[in-house]
Amino acid sequence: FLPHLVASMEQVEQTYIMVKPDGVQRGLVGEIISRFEKKGFKLTGLKLFQCPKDLAEEHYKDLTSRPFFPKLITYITSGPVVCMAWEGVGVVASARKLIGSTDPLQAEPGTIRGDLAVQTGRNVVHGSDSPENGKREIALWFKEGEVCHWTPALALWISE
Ligand code: UDP
Ligand code: MG
């Protein structure tokens, strides 16, 4: 089984998921964490955090030239966020599916945004859009030692 194990380890990805200030204010933290927990992904980092402006700008640096950028920075820094790192095979794309489309009115029912939000500017949650950005964002939001590598007792009941 060793080659199989090595191959599957290469597919393990990390994604940065964040409950935005509206999600925290609306009491949706537990609900949002639950969706990723129930799916079977592994939580490796978790904290409540007041994001400073420079970090918000760095996180969203690809959107600097967009007209909504100043409002986006105000939104993300307007109250505490919940920062999470999640790990698993295919976790980046799967988390994006669980989250749903950027515009909550276009997001399918059953997704977080589809079920819990109505506006793009208040879409309650962030998820990395690629494995590279997953790593980049986790390194940006978490300090050394804050990400925890562990083996869930139920791992073999989730992945064969
Ligand atoms: N956003 C916005 N207006 C827009 C597009 C995006 O306020 O027209 C905000 C929204 O909060 C979104 C974030 O900017 O989640 C990042 O945009 P992106 O296109 O990366 O969407 P996401 O990856 O979050 O679905
Ligand atoms: Mg994005």
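Because only heavy atoms are used, hydrogens play no part in the values below, and waters and symmetry mates are left out as well, while side chains stay in. As the structure lists them, so they are numbered: ligands from 1, and atoms in each ligand from 1.
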S.K.: Tell me whether R35 is salt-bridged to E31, with the criterion being a basic N under 4.0 Å from an acidic carboxylate O.
M.R.: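 Salt bridge present between R35 and E31.
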S.K.: Check whether any side-chain heavy atom of W86 sits under 4.5 Å from a side-chain heavy atom of T44, and report yes or no.
M.R.: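 The answer is no; the side chains never approach within 4.5 Å.
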S.K.: Do V19 and V81 come within less than 4.5 Å of each other through their side chains, counting heavy atoms only?
M.R.: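 V19 vs V81: side chains apart.
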S.K.: Does any non-hydrogen side-chain atom of Y75 lie less than 4.5 Å from one of D22?
M.R.: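 Yes, at least one pair of side-chain atoms sits under 4.5 Å.
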S.K.: Is a salt bridge present between E132 and R136, judged by a nitrogen-to-oxygen distance below 4.0 Å?
M.R.: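 Salt bridge between E132 and R136, a charged N being under 4.0 Å from a carboxylate O: no.
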S.K.: For residues P131 and Q14, determine if any side-chain heavy atom of one lies less than 4.5 Å from a side-chain heavy atom of the other.
M.R.: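 In short, these two side chains do not touch, never coming nearer than 4.5 Å.
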S.K.: Sort out the contact shell of ligand 1: every protein residue with a heavy-atom distance below 4.0 Å, listed by chain and number.
M.R.: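 Contacting ligand 1 under 4.0 Å are K20, Y60, L63, F68, L72, Y75, R96, T102, R113, T120, G121, N123.
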